[in-house]
Amino acid sequence: MIRFHNTLSGKVEEFVPIEPGRVKLYTCGPTVYDYPHIGNWRAYIFEDLLKRFLRFRGFDVTHVMNITDVDDKTIKGAAAKGMSLEDYTRPYIEAFYAERDILNALPADHYPRATEGDNIQGMVAIIKSLLDKGYAYRKDGSVYFAIDKFPSYGRLSKINLEDRRPGSRGDADDYEKDSVHDFALWKAPKKGEPVWETEIGPGRPGWHIECSAMSSRFLGLTFDIHCGGVDNIFPHHENEIAQSEAANGVKFVNYWLHCHHLIVDGEKMSKSKGNFYRLSDILAKGYAPEEVRFLLLSTHYRKMINFTEEALAQARTSRNRIRNLLFELRHIERDLPPAPAVAQAIETARAGFASGLEDDLNISEALAALFELVRSVNTVVSRGELGREDAQSVIDFVADIDDKVLACLTRDAPAPADADTLEAWVREKIETRQKARAGKDFRRADEIRRELLEAGIVLEDTKDGVRWKKAGTAKS
RNA sequence: GGCGCGGUACCCAAGCGGCUAAGGGAGAGGUCUGCAAAACCUUUAUUCGUCGGUUCGAGUCCGACCCGCGCCUCCA
């Protein structure tokens, strides 16, 4: 049984899709006024884990992620550079796709942009329906949603509007509304802003309406899962529910999953504090993308991650424990009959891994199952009792869950163009060192080993000869 | 003020009513090794922020309190 924490109920619930075997998933994507930061990736990697797990369990997942390319920030940014919205947002969209691939997140099936194709028309249709039904009203060319017409407003965020602290609302809009809590569906034209001529008049969409329109376009009026960061619960997702359910008269989303924030060195990431990181900043420190992904993945999605250099280092050593086993297994050549204990250990790990993730994506439990396999297999290896066949079974199992779910264990960086010359150079060094060792010239042998280490090559002297691997790529 | 999250070993982190409190890192001792690396074995919380309560039995449920944090305005 798969269970997820549903923000709507505040509880962990059994997951039952609308249509057996299929999951319709919508995740709030980037607002492309700037490059994505590592906190954004926490959310997208959580969503990737969710999607991969559902596919792992055999569901056919349709995933839609919107790209917000028209809002206050993109308009302002484009205006400041004297560019069109499209030209202004393009590099950020491209960076988002590029980083997604670097972090090995699966692409969504659709990435609708708000300004693209008929999307604005879709939004207008909902707004029109809301006006017809009396949920929305016009004011000075703008259209607002009247939240007092929608009694269940606040159900998702558990916000009682009467309790909201007076004076803290800091209305950023320059528009007049009947009630301060009402939100804009459609914004009247302003100088220097893009304008769409539509049935409800000229203007541009409010922020929330795009998700209502674009989710329904691909997933239907009611769909299974909607994700985002906790900060989206209010007002964004609350407003989406109000708009969609008022307009359509049916439930909008069955399961709302929200991930917690990532903080850096114990503090919220912000540009003014100077603790604002992009993926490229982390990679520049010498960490591999897979190590970053492992860290983002290895903390439960509803728990805050404290992103620190130490956490990154721990993610690396932790991940290396698994990779060291795979390295070891690839060198096993003995032919021994398969040990029943190994097959048993693999099955235990497979079951533990799956049941951990089934329980609201309990990644700690899933990884613990994997690490228990690592230890038990290492034990057999250290006794020299593991044969080639068993080794391959373990490799296949790890490759399988990595390929389908974790996506950060077995994939190696592409070999550099000069891989062959590197290989030859290392072989030559090892040979020289072996001669030195044979002549008990350990000082010379250690020198060579140190030289290789500085080049990022780790040597291991084993009974069956010397072997080498690339070290972690961090500078220290 | 309202809503919500968290406080489990040196660090990260599961467990959420009942066998000896998962797992990873780090530390200590041992094995292997010329020395390393990797790995294995042993070891590191009579105790789960504090104080009460419920219970035959509580990190696990209830209440109060202390500490840290997020949201309530754009934000993953």
Side-chain angles (χ1 to χ4, degrees), chain A residues 7 10 27-31 33-34 36-47 68 71-73 154 157-173 180 207 227-236 238 258-263 266-270 294-295 298-306 308 310-311 313-325 327-328 352 356 359 362-372 374-375 377-383 437 440-443 445-446 449-450 453 458-463 466-469 471:
Chain A
T7 307
T27 60
C28 280
T31 300
Y33 68 99
D34 199 353
H37 58 252
I38 196 69
N40 297 121
W41 286 113
R42 196 271 156 105
Y44 305 143
I45 293 300
F46 141 64
E47 288 154 3
T68 301
D71 83 316
D72 294 352
K73 285 178 179 170
S157 54
K158 278 110 190 142
I159 276 176
N160 180 342
L161 294 173
E162 273 74 58
D163 291 343
R164 289 180 67 196
R165 188 188 213 158
S168 72
R169 58 185 90 92
D171 193 347
D173 287 329
V180 288
W207 173 39
C227 298
V230 282
D231 50 352
N232 277 155
I233 296 172
F234 187 88
H236 186 50
E238 193 70 59
H258 293 99
C259 68
H260 216 307
H261 281 280
L262 172 153
I263 57 175
E267 287 189 309
K268 186 173 174 174
M269 198 163 41
S270 78
F294 188 90
L295 173 57
S298 59
T299 297
H300 183 80
Y301 75 95
R302 283 192 288 117
K303 191 153 174 159
M304 206 187 283
I305 297 184
N306 191 187
T308 61
E310 193 189 353
Q314 289 197 359
R316 160 176 292 169
T317 46
S318 199
R319 172 175 174 271
N320 276 157
R321 180 161 165 80
I322 303 164
R323 287 169 59 80
N324 284 336
L325 171 66
F327 178 75
E328 184 72 39
D359 182 16
N362 188 333
I363 189 72
S364 299
E365 202 179 312
L367 290 178
L370 177 57
F371 280 112
E372 272 167 49
V374 171
R375 184 178 39 72
V377 171
N378 268 328
T379 302
V380 179
V381 171
S382 71
R383 289 187 196 133
R437 290 180 75 205
K440 303 270 184 210
D441 184 359
F442 295 122
R443 184 202 288 241
D446 289 349
R449 186 166 61 196
R450 200 159 40 241
L453 187 61
V458 178
L459 293 191
E460 296 190 0
D461 298 330
T462 73
K463 288 188 197 73
V466 185
R467 52 193 200 203
W468 62 279
K469 62 187 175 190

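Chain naming here is simple, since letters A, B, ... match the order of the sequence lines and numbering starts at 1 in each.
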Would you say whether Phe371(A) stacks on G23(B)? The test is a distance between ring centres of less than 5.5 Å and an angle between planes of less than 30°.
no
Quick note, Glu460(A) side chain, CB onward, closest among A38(B), G34(B), C41(B) is A38(B)
Taking syn as a glycosidic torsion within 90° of 0 and anything else as anti, which one is G59(B)?
syn
Donor/acceptor link under 3.5 angstrom from Asp231(A) side chain onto base of G70(B):
no
Taking the side chain of Lys303(A) as heavy atoms from C-beta outward, which of G34(B), G7(B), C40(B) is closest to it?
G7(B)
What nucleic acid atoms does Leu459(A) come within less than 4.0 Å of, heavy atoms only: base, sugar-phosphate, or nothing?
base
Base, sugar-phosphate, or nothing for Arg321(A), non-hydrogen atoms under 4.0 angstrom?
sugar-phosphate
Partner lookup for G4(B), please. Criteria are Watson-Crick or G-U wobble with both distances under 3.5 angstrom; report none if nothing qualifies.
C69(B)
With a non-hydrogen cut-off below 4.0 angstrom, is Lys268(A) in contact with a base, only sugar-phosphate, or nothing?
base
Taking only the side-chain heavy atoms of Arg449(A) (C-beta and beyond), determine which of A14(B), G34(B), C3(B) contains the nearest atom.
G34(B)
Under 4.0 Å, counting only non-hydrogen atoms across every strand here, what does Ser298(A) touch: a base, just sugar-phosphate, or nothing?
nothing
For the pair Lys73(A) and Asp34(A), find out whether any cationic side-chain nitrogen is under 4.0 Å from an anionic carboxylate oxygen.
no
